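To find a chain, count down the sequence lines: A is the first, B the second, and so on, and within it residues start at 1. Predicted model, so just to flag it, every value in this text is computed and none were measured.
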Protein chains: 2
Amino acid sequence: MNVKTPPHPGSKKDVSRQGGCFHKYLFSKILRQTLSLVPSPSYPMPSVTVENYLKQIYLLQQGGELAPMGGLAVAVGVTPGTATSMVKTLADANLADYAPRAGVRLTEAGTRLALQVLRRHRLIELFLVQTLGLDWSEVHDEAEELEHAISDKVLEKIDALLGHPDTDPHGDPIPPSTGKPRQQKLTPLTECTPDMAGEVARVTDQAAEFLQFVDRQGLTPGAQFTVESQSPTADAITVRPHNREPVTLGTAAAMKIMVKVEE
Amino acid sequence: MNVKTPPHPGSKKDVSRQGGCFHKYLFSKILRQTLSLVPSPSYPMPSVTVENYLKQIYLLQQGGELAPMGGLAVAVGVTPGTATSMVKTLADANLADYAPRAGVRLTEAGTRLALQVLRRHRLIELFLVQTLGLDWSEVHDEAEELEHAISDKVLEKIDALLGHPDTDPHGDPIPPSTGKPRQQKLTPLTECTPDMAGEVARVTDQAAEFLQFVDRQGLTPGAQFTVESQSPTADAITVRPHNREPVTLGTAAAMKIMVKVEE
DNA sequence: CACTAGACTTTGATTGGTCAAAGTTGTTAT
DNA sequence: ATAACAACTTTGACCAATCAAAGTCTAGTG
């Protein structure tokens, strides 16, 4: 029994990602599970929209918690009502568990897909910086588009070309093609105390302006620094990157810089 | 007066290509033209669908002729009715001239967009072969997706990386970013006569199977050859690529191979 | 405990893109 | 001239994704 879902009977071309009819698939999947005819045939290509929701839920639920619907709506850029209805669809598809008025969490299948999207996104970012020479402040938006268009084959070529890297230009970990993502144990810069030395590991804000600032100050991932002063009451921390002028950051900014502390 | 079309009021993210609301744009464009407030502000991003229709119309109308609706429907993989209604939309947008029951032709604006799509497609193909090492038989389908996701900025980086090439791996000309595409004057292999020598310049069939065959026989673009025999009645032509075994092709296949004849 | 503000969901409508099937037209053959 | 056919268009429906606005919870606060 062939379970392929003809997207549009009579159409000649493989419309694939964009055109794929996810909802029709759901039907056949439920059928298959009910009848227990096929083990677990890996999901066909979800729509760009579904991929974006999955990715954002993944990013919002970090730590096993439920992602709040409001945050999700903002993250994917839709109204709350739209998010609700889409999340219900994801739940029907067994990609997410939805607790009305509480939030949403990815299932294992959903997590797998989200990690694939994230892997595509981050490999593309690194590729754009490393191979094509774009600035790290502009690659996030580019990757946002490309992550939905690139095939596994091309992605693995890029991965190989880059030497199977494990972080992107912002220090975000690139999930492996299979298996669990590595967990980094990093400290936010806000928790560093004077005289501590460390290395910038990750910048958790993709806004171009912030990234350009970080770059100008010499605090890109890999940069070594020493903490000069820190004061929660003054809401500020001053760090000196090696061979650079010291920089003073407010707590809000410092929180976005994750750091590996020297032992 | 700012003419930007907010895709979804209140949305934070730039939904850009996929989400862009082309029809709403049309409205504002008509407004602008009517009121003569803005000169001619270059079209905003058409949807993936519109891009595909424009590309296929361009490819079908080669020679100033009208592209037939049936052929267009097959080319974009939709039913004839769908093609009709989409072409009407393109005509309303001044991207195409539509003659009911006769066919469709791109306007200048439509042609400009189609050439951009084609440029993206062909540069991507070459990039995939040259930089990422994919086989020339598989890059067409990959590029079909990527051509709608890549920004001008990334495209021009790729163009530079490849040294501003002017043909893709199949010998198809890469349209320049502005201005008219070059016209090659090539001969189909079917029109070659015995003892003529020439060079394969272009293979006008993107089917993987055919491309693999052509590759195995040593008839990829750039290959030198001599015609051994030719007979329209036998519907066949035999050519010998330099340093290779001779190959006999039927007319249907030979027509797909375009050739530069030695003077 | 009763209210209220904010978070969330529901409802009803819209849009772009599509199909199936019925209707129309232009062309060719008899 | 007319019949038949293929190509095309029209019509009515559908689906995914969305929004606006009205409705409903729920967690606090007084």
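When rounded to the nearest whole Å, the span between CG of N52(A) and P of dA17(D) equals 11 Å. For the pair L72(A) CG and dT18(D) P, the interatomic distance rounds to 11 Å; values are reported in whole Å. Distance M69(A) CE to dT26(D) C1': 16 Å, rounded to the nearest Å. Atoms CG (D92(A)) and P (dC15(D)) sit 15 Å apart, rounded to a whole Å. H148(B) places its NE2 atom 16 Å from the C1' atom of dG16(C), with the value rounded to the nearest Å. To the nearest angstrom, P of dA17(D) lies 16 Å from CD of Q56(A). Atoms CG (L60(B)) and P (dC8(D)) sit 11 Å apart, rounded to a whole Å.
Within the structure, every pair that satisfies the ring pair (Phe, Tyr, Trp, His ring centres under 6.0 Å) test and touches residues 101-122 of chain A, not counting sequence neighbours, is listed here: H121(A)-H140(A).
Between P100(A) and A102(B), the residue anchored closer to the 5' end of DNA chain D is A102(B), taking for each the nucleotide with the nearest heavy atom.
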How far apart are the C-alpha atoms of E142(B) and K157(A), what are their side-chain angles, what is the distance that settles it, and do they pass the salt bridge (Lys or Arg N to Asp or Glu O under 4.0 Å) test?
-> CA-CA 13 Å; E142(B) 299 281 353; K157(A) 288 279 187 188; over 6 Å; no
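For K55(B) and E144(B), the salt-bridge test passes: some basic side-chain N is under 4.0 Å from an acidic carboxylate O. A salt bridge links R120(A) with E51(A): the distance from a Lys NZ or Arg NE/NH1/NH2 to an Asp or Glu carboxylate oxygen falls below 4.0 Å.
Residue T79(B) has no polar side-chain atom (N or O) positioned under 4.0 Å from OP1 or OP2 of dA20(C). For the pair Y53(B) and dT18(C), the criterion of a side-chain N or O lying under 4.0 Å from OP1 or OP2 is met.
Checked against side chain to side chain contact (heavy atoms under 4.5 Å, CB included), A67(A) has the following partners two or more places apart in sequence or in another chain: I57(A), L60(A), Q61(A), V104(A).
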Every protein N/O lying under 3.5 Å from an N/O of nucleotides 10-12 of chain D:
from: dT10(D); atom 1: OP2; to: K88(B); atom 2: NZ; distance (Å): 2.3

